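Treat the numbers as computed from the prediction; the structure is a model and nothing was measured.
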Amino acid sequence: MAKAQICLCFIIFLYLWPEGNFIKVTKADRSAGDWCVAKPSTDNERLQENINFACSKIDCQIISEGGACYLPDSIISRASVAMNLYYQAQGRHFWNCNFEGSGLIGITDPSYGSCIYQFRK
């Protein structure tokens, strides 16, 4: 019990110590780096429904022909970009990446080439 109290006191001490001497972990730091992508096992019909839904709520020009994320010309790639745009725009809540069970939240940036997956802190 004494060890737990000492640990807790130390954590509080670090938190209250003046800025600059110790790093304070904030919510934004802990949650930095999450993107919504399509599950690889999702069928094309579901992916197209996800694209239609997301693009009815947000601007999806980036996945249109000539857009930075149009290539590779695959539905899973375009769905992942659209789903992530929606997820980021809605505040990055896990339920905004559900898409009836076809979305995954990843912590590795899925950006490639000139296709930059949007991320908002």
Taking side chain to side chain donor-acceptor pair (under 3.5 Å) as the test, write out the residues that go with [X], two or more places apart.
| X | value |
| --- | --- |
| N98 | none |
| Q48 | N52 |
| Y112 | S77 |
| S102 | N50 |

Non-hydrogen atoms of [X] and [Y] that approach each other most closely:
| X | Y | value |
| --- | --- | --- |
| A54 | C60 | C-SG, 4.4 Å |
| C97 | L104 | SG-O, 3.4 Å |
| C115 | A68 | CB-O, 3.5 Å |
| Y117 | V37 | CE2-CG1, 4.2 Å |
| R78 | D73 | NH1-OD1, 2.5 Å |

Sorted by first residue and then second, give each side chain to side chain donor-acceptor pair (under 3.5 Å) pair with at least one member in residues 56-69; sequence neighbours left out.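 Every pair satisfying side chain to side chain donor-acceptor pair (under 3.5 Å) with a residue in residues 56-69: there are none.
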Same cluster (ILVMFWY, side-chain, under 4.5 Å), W95 and I105: yes
Spell out, yes or no, whether I75 and V81 are grouped together once hydrophobic residues are joined by side-chain heavy atoms under 4.5 Å, including indirect joins.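 Yes, I75 connects to V81 through the hydrophobic network.
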Compute the centroid of each ring, for W35 and then for F119, and state whether the two points are separated by less than 6.0 Å.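 Under 6.0 Å, so yes.
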Do side-chain atoms of [X] reach the backbone of [Y] as a donor and acceptor pair under 3.5 angstrom?
| X | Y | result |
| --- | --- | --- |
| K39 | G101 | yes |
| S80 | I76 | yes |
| Q88 | D34 | yes |

What distance do [X] atom [atom1] and [Y] atom [atom2] have between them, rounded to the nearest 0.5 Å?
| X | Y | atom1 | atom2 | value |
| --- | --- | --- | --- | --- |
| N84 | R92 | CG | CZ | 10.0 Å |
| Y87 | I58 | OH | CD1 | 14.5 Å |
| C69 | L85 | SG | CG | 7.5 Å |

Does some side-chain heavy atom of D109 sit less than 4.5 Å from a side-chain heavy atom of I116? no
Please enumerate all residues that pass salt bridge (Lys or Arg N to Asp or Glu O under 4.0 Å) together with E100, with sequence neighbours excluded. R46
